[in-house]
Amino acid sequence: RRTPAPLSRHSARPDRQAMGWEQAAVGWREIPRGMSVRKIWFDLSFAPLVGVVGMASFLMGGIIMKHFTGHTDVAFDKKIRMDHNHQGGSEHRIATHNSRLGMLSINKRAFNLFPFTYTPKAEIIDRHRTDK
């Protein structure tokens with residue numbers, strides 16, 4: 001009767017010889033023949049998602065930059081920080097702080113973004129008034 005071969009620490013099967021990773025990786029191709037990295041990793045259906053994430057990142061980056069470079073409470077300039085009341089330290093910072101990237105006035109006017117039409121609340125109220 002034959003005694004079974006001892007299990008090595010590299011192999012769970014007793015009939016296989018222990019093999020290092022260098023021998024196991026011989027002839028292995030990371031990218032299969034006839035394929036390119038673009039065919040493996042890029043799918044055209046993700047392009048709208050990447051576009052939305054890119055636009056959102058750009059918009060949020062602009063808002064953060066506007067906040068840190070234009071907010072009247074954030075003062076990087078030492079001359080402005082030396083004043084105990086630096087709220088009016090720079091006219092540019094006050095104007096930047098008061099601007100809202102046009103978002104405060106967008107709901108005050110009608111606009112059409114196909115297939116959606118937005119009508120402001122004041123226009124709807126005027127249209128339904130009975131005293132006119």
Side-chain angles (χ1 to χ4, degrees):
R1 178 169 182 210
R2 263 177 48 180
T3 58
L7 292 172
S8 71
R9 64 185 183 118
H10 298 290
S11 175
R13 293 179 20 197
D15 57 341
R16 282 181 88 182
Q17 291 290 331
M19 174 187 314
W21 69 268
E22 293 94 349
Q23 290 86 17
V26 169
W28 182 74
R29 293 178 51 91
E30 188 170 356
I31 300 174
R33 288 190 179 99
M35 298 282 291
S36 66
V37 175
R38 183 171 182 233
K39 287 181 183 176
I40 294 172
W41 289 103
F42 184 74
D43 189 4
L44 194 58
S45 63
F46 287 109
L49 178 65
V50 171
V52 168
V53 168
M55 287 297 293
S57 300
F58 182 74
L59 180 65
M60 282 307 302
I63 289 171
I64 294 296
M65 285 300 296
K66 176 192 166 297
H67 175 74
F68 283 118
T69 60
H71 198 282
T72 55
D73 288 338
V74 180
F76 291 114
D77 190 13
K78 185 176 181 179
K79 184 181 76 171
I80 295 174
R81 282 196 316 263
M82 296 294 284
D83 185 13
H84 72 282
N85 183 16
H86 62 271
Q87 297 296 320
S90 170
E91 292 297 323
H92 168 70
R93 292 173 74 85
I94 293 170
T96 304
H97 177 67
N98 290 336
S99 74
R100 300 285 188 250
L101 298 176
M103 293 298 151
L104 286 180
S105 64
I106 198 162
N107 66 341
K108 309 287 189 286
R109 62 177 186 253
F111 66 91
N112 195 2
L113 182 67
F114 182 79
F116 306 105
T117 301
Y118 177 76
T119 307
K121 185 171 64 171
E123 193 174 310
I124 294 171
I125 291 170
D126 285 342
R127 192 170 47 210
H128 292 284
R129 289 179 68 152
T130 59
D131 60 342
K132 279 189 161 182

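- Heavy atoms from other residues, nucleotides or ligands lying under 6.0 Å from CZ of Phe68 number 12 at most.
- Within 6.0 Å of CD on Glu30 lie no more than 12 heavy atoms contributed by other residues, nucleotides or ligands.
- Looking at every heavy atom in both residues, Arg129 comes nearest to Asp131 through NH2-OD2, 2.7 Å.
- Within a 6.0 Å radius of CE in Met35, other residues, nucleotides and ligands contribute more than 12 heavy atoms.
- Taking Val50 as the reference, nothing meets the side-chain contact (heavy atoms from CB on, under 4.5 Å) condition, with sequence neighbours excluded.
- Hydrophobic cluster membership is shared by Ile40 and Val37, with clusters built from Ile, Leu, Val, Met, Phe, Trp and Tyr side chains linked at under 4.5 angstrom.
- Shortest non-hydrogen contact noted between Ala110 and Glu123 is CB-OE1, 4.0 Å.
- Going from atom CH2 of Trp41 over to atom CZ of Phe46 covers 11.0 Å, rounded to the nearest 0.5 Å.
- Of the inter-residue distances, the one linking Asp126 atom CG with Lys121 atom NZ reads 12.0 Å to the nearest 0.5 angstrom.
- No more than 12 heavy atoms of other residues, nucleotides or ligands shown are found within 6.0 angstrom of CZ on Arg38.
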